[in-house]
Amino acid sequence: MSADAPPIAAHRLLGDGSATALLRPGGEVDWWCAPAMDDPPVLWSLLDPAGAAARWLGVRLSAAAGRAAGPVLDTMLHAEAGRIETRDALHCADDRGSTLVRLIRGVDADLDVEHELALGGFDLPWATWRVQTAVVGGREVRVLGGTSTVDGRWLRSRVAAPRGEWAALVVTFDPLRSADVAGLLADLDEAQAEDDRLLEGATLPSHSPERAADALRVLRLCTFAETGAVVASPTTSLPEAPGHDRQFDYRFSWLRDAALAVSVAALLGRRDMAEDYLRFVVAQTHEHLLPSRPMTDVRGQDVPAESEVSGVAGWAGSLPVRVGNDARDQVQYDALGLLIEAVSVHLQAGGRLTHDVWELVRTTADELSRDGLPRMTSGIWELREPKDLVSADIGIWLALDRAVWIARGWHPTARRGRWKRARSAARDRVIGAVREDGGLPQAYGDQGSCADASALMAVVFRLFDRRDPRASGLVDATLAALDCAPFLYRYEPGGDDGFAGSEGAFLPASWWVVSALASCGRLAEAEARAQALDRALPALLPEEMDPESRQGLGNVPLVWSHMEVARAMYLLDSARLRQRTGPLGLAAWRLRPG
């Protein structure tokens, strides 16, 4: 890793329901997409040391306080004169535009510190400063507080205050925002209180409850409040294999991630949040017979075609830097399985089945059970060359199995015969592909096809019953092929998947192992694996980890990574409860108030 590349896994996340930003340990904001989270970044030194940034000069980290994600983050920095306390926040008032608030005060001495700021660039023109005002992407940005001078593309501001008194530096798209410190503190206190209320109605698992709390926080901050869309990650082009071409734009709303949001919110007792995400899915699929697009932008519109941004160095020189995503037109049956599974989880947790959600379930099941369904798909790994994937049949089985269950309980007169036949056919194809070692290949028709971690979905979602020895056999075979304990590769690294370089271990799949072991009743192994992962991982989870260096890789935070942690911890709790109280006790626990 280049010395100029900031550690991916050391960041903390700021958000306000409109925009997101990343904060380095030393107080630099190196990523901010604004005014909305899918707009071009106005700060982006994350991807290039010469990129736009907001940073205090002459300071180093003393201590990062509190949580890894929130609307407000506290940090203790160390300057020549002593310690400096900071409060960084994103705050959007009445949808007028995102504001970066930087409050700072001296702990040991009077405060006198310099800040530098550049905005724009990337795929926008650089901002040209007129005193403390600039235009970025056609929008006016103002800098409030401090005493500023212009040095080329940098605005240098000196901030001073007596010891113990807060001073403010505000970077805002909001034309009505002021730098009144008392008002800013009140706004930040209310934002912090609202964040605390997020957990008041939640029921956190006994296993690593703070990980589950972080999952809810990251989910909320990565949700575009205007529409309810959850982005896969607020960043683009952080590499899965540094120095190669595995960089992608994740600032869009995947059907997979929306489904995971429904499931995890329901499992953690936040049925209100689950219903909000279901409403977004229904809204984005209103004009389609089923969710025919694997992703949309945050407003439910088509994702732009993939393109490359020139003139950006890339994280540790990793090129190309990409915006847009060509997975927008792929077929992903496994994502449809996760969607209908999410509806069933919501219902098991006491949620309502609305007419619109039932129509979504019914039309999806009808489509997946029709004759002549295309076999060549890209799957949740978004393969650029479609294959006849085993995971596609796991997804089809999952969608139809849960649709049958939903219909039985809520619409018993619905015709389910075709669904059941197609469900059996999908399950038979998966079982018929099991190899002598107990594992499953990535694709059908090729005995040399590589192992694939998506096979674990067959265990996690009970295509194989938990008492079926083939479930444990599948887990063991997958570990034998892909384990890099406590992590797991999603498929053999360095294989031919259309891109160069050898990627790291995939964090959602690493947590699938915990969930699968718990589903098989191997609780001691599941808990040991969960504890090892918990120790090895940062609070804010990226997409991947290098198993040797323990460096984070890929876009950060990845919502999917956080969702799978929360699911795994829930499944550990439920498996322990089943062991103590049996199925009836488990059912009552699932319906606890939340």
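The structure displayed is predicted, hence computed values, not measured ones. This chain uses plain numbering: 1 for the first residue, then up along the sequence.
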Report yes if some heavy atom in the side chain of [X] is under 4.5 Å from a heavy atom in the side chain of [Y]; otherwise report no.
X: Thr203; Y: Arg270; value: no
X: Phe224; Y: Val231; value: no
X: Leu268; Y: Pro205; value: yes

Between [X] and [Y], is there a side-chain N and carboxylate O pair less than 4.0 Å apart?
X: Arg362; Y: Asp366; result: yes
X: Asp483; Y: Arg529; result: yes
X: Arg220; Y: Asp195; result: yes
X: Arg67; Y: Asp214; result: no
X: Asp371; Y: Arg418; result: no
X: Arg462; Y: Glu341; result: no
X: Asp38; Y: Arg251; result: no
X: Asp476; Y: Arg522; result: yes
X: Glu527; Y: Arg576; result: yes
X: Asp465; Y: Arg470; result: no
X: Arg322; Y: Asp249; result: no

*Do the numbers put Arg490 on top of the ring of Trp381, so that NZ or CZ is under 6.0 Å from the six-membered ring centre and no more than 45° off the axis?*
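Here Arg490 passes the 6.0 Å and 45° test against Trp381.
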To the nearest 0.5 Å, what is the distance between [atom1] ([X]) and [atom2] ([Y])?
X: Arg427; Y: Leu400; atom1: CZ; atom2: CG; value: 13.5 Å
X: Leu267; Y: Gln348; atom1: CG; atom2: CD; value: 8.5 Å
X: Leu14; Y: Leu22; atom1: CG; atom2: CG; value: 8.0 Å
X: Leu383; Y: Ser378; atom1: CG; atom2: OG; value: 6.0 Å
X: Leu389; Y: Asp334; atom1: CG; atom2: CG; value: 7.5 Å
X: Leu572; Y: Leu523; atom1: CG; atom2: CG; value: 7.0 Å

Original post:
Would Phe464 and Ser519 satisfy side-chain contact (heavy atoms from CB on, under 4.5 Å), going step by step from the backbone distance to the final call?
Top reply: CA-CA 10 Å; Phe464 293 104; Ser519 297; over 6 Å; no
Considering non-hydrogen atoms only, spot the tightest contact between [X] and [Y] and give its length.
X: Ser391; Y: Met457; answer: CB-CE, 4.3 Å
X: Val264; Y: Met563; answer: CG2-O, 3.5 Å
X: Pro493; Y: Ser502; answer: CB-OG, 3.2 Å
X: Leu488; Y: Ser510; answer: N-OG, 2.9 Å
X: Tyr333; Y: Leu373; answer: OH-CG, 3.3 Å
X: Ala399; Y: Ile340; answer: O-CG2, 3.4 Å

Are the side chain of [X] and the backbone N or O of [Y] linked by a donor-acceptor pair below 3.5 Å?
X: Ser561; Y: Pro542; answer: yes
X: His562; Y: Leu216; answer: no
X: Gln247; Y: His244; answer: yes
X: Arg211; Y: Asp534; answer: yes
X: Ser208; Y: Glu210; answer: no
X: Ser233; Y: Pro557; answer: yes
X: Asp452; Y: Ala455; answer: no
X: Glu306; Y: Asp326; answer: yes
X: Trp254; Y: Val230; answer: no
X: Thr354; Y: Val357; answer: yes

Distance-only polar pair, side chains of His207 and Asp573, donor-acceptor under 3.5 Å: yes
| said: Could you tell me if Asp393 and Tyr444 have a donor-acceptor pair between their side chains, going purely by distance under 3.5 Å? | reply: yes
Can you confirm whether more than 12 heavy atoms, excluding those of Arg352, are under 6.0 Å from its CZ atom?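 No, because the 6.0 Å sphere around CZ of Arg352 holds 12 heavy atoms or fewer from other groups.
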Quiz item: Would you say Arg197 has more than 12 foreign heavy atoms packed within less than 6.0 Å of its CZ?
Solution: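 Check passes, neighbour count above 12.
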Check your understanding: Is there a salt bridge (Lys or Arg N to Asp or Glu O under 4.0 Å) between Glu382 and Arg256 once you walk through the steps?
Key -> CA-CA 12 Å; Glu382 299 169 6; Arg256 169 200 65 218; 3.7 Å; yes
Go through it in stages, so that I can follow the logic: the residues are Arg567 and Leu260, the test is side-chain contact (heavy atoms from CB on, under 4.5 Å), and I'd like the CA-CA distance, side-chain angles, deciding distance and then a yes or no.
CA-CA 9 Å; Arg567 191 214 306 271; Leu260 288 166; 3.1 Å; yes
Step through it carefully: locate the ring centre of Phe499, locate the ring centre of Phe248, and say whether they are under 6.0 Å apart.
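They qualify: ring centres under 6.0 Å apart.
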field: Pair Trp405 and Trp410, ring centroids less than 6.0 Å apart
entry: yes
ask   = Do Phe506 and Trp560 pass the ring-ring contact (aromatic ring centres under 6.0 Å, His included) test, and can you show the C-alpha distance, the side-chain angles, and the key distance before you say yes or no?
value = CA-CA 11 Å; Phe506 196 68; Trp560 191 2; 5.4 Å; yes
Subject >> CA sep, side-chain torsions, deciding dist, call: Glu503, Tyr489, side-chain hydrogen bond (donor to acceptor under 3.5 Å, both in side chains) >> reply: CA-CA 8 Å; Glu503 68 175 21; Tyr489 291 108; over 6 Å; no
Those residues at least two apart in sequence (or on a different chain) that pass salt bridge (Lys or Arg N to Asp or Glu O under 4.0 Å) with Asp245 are none
Can you give each donor-acceptor pair under 3.5 Å made by side-chain atoms of residues 295-304, sequence neighbours left out, with the distance rounded to 0.1 Å?
residue : atom : partner : partner atom : Å
Asp297  : OD1  : Arg299  : N            : 2.9
Asp297  : OD1  : Gly300  : N            : 3.1
Asp297  : OD1  : Gln301  : N            : 2.8
Asp302  : OD1  : Arg293  : NH1          : 2.8

| task | Could you walk me through whether Thr223 and Tyr277 pass the side-chain hydrogen bond (donor to acceptor under 3.5 Å, both in side chains) test, one step at a time? | result | CA-CA 9 Å; Thr223 298; Tyr277 289 117; 2.5 Å; yes
Practice problem: Check the pair Cys520, Asp468 against side-chain contact (heavy atoms from CB on, under 4.5 Å), reporting the backbone distance first and the verdict last. | Solution: CA-CA 8 Å; Cys520 292; Asp468 188 331; over 6 Å; no
Please test Trp419 against Asp401 for side-chain contact (heavy atoms from CB on, under 4.5 Å), starting from the C-alpha separation and ending with a verdict. CA-CA 8 Å; Trp419 298 358; Asp401 184 76; over 6 Å; no
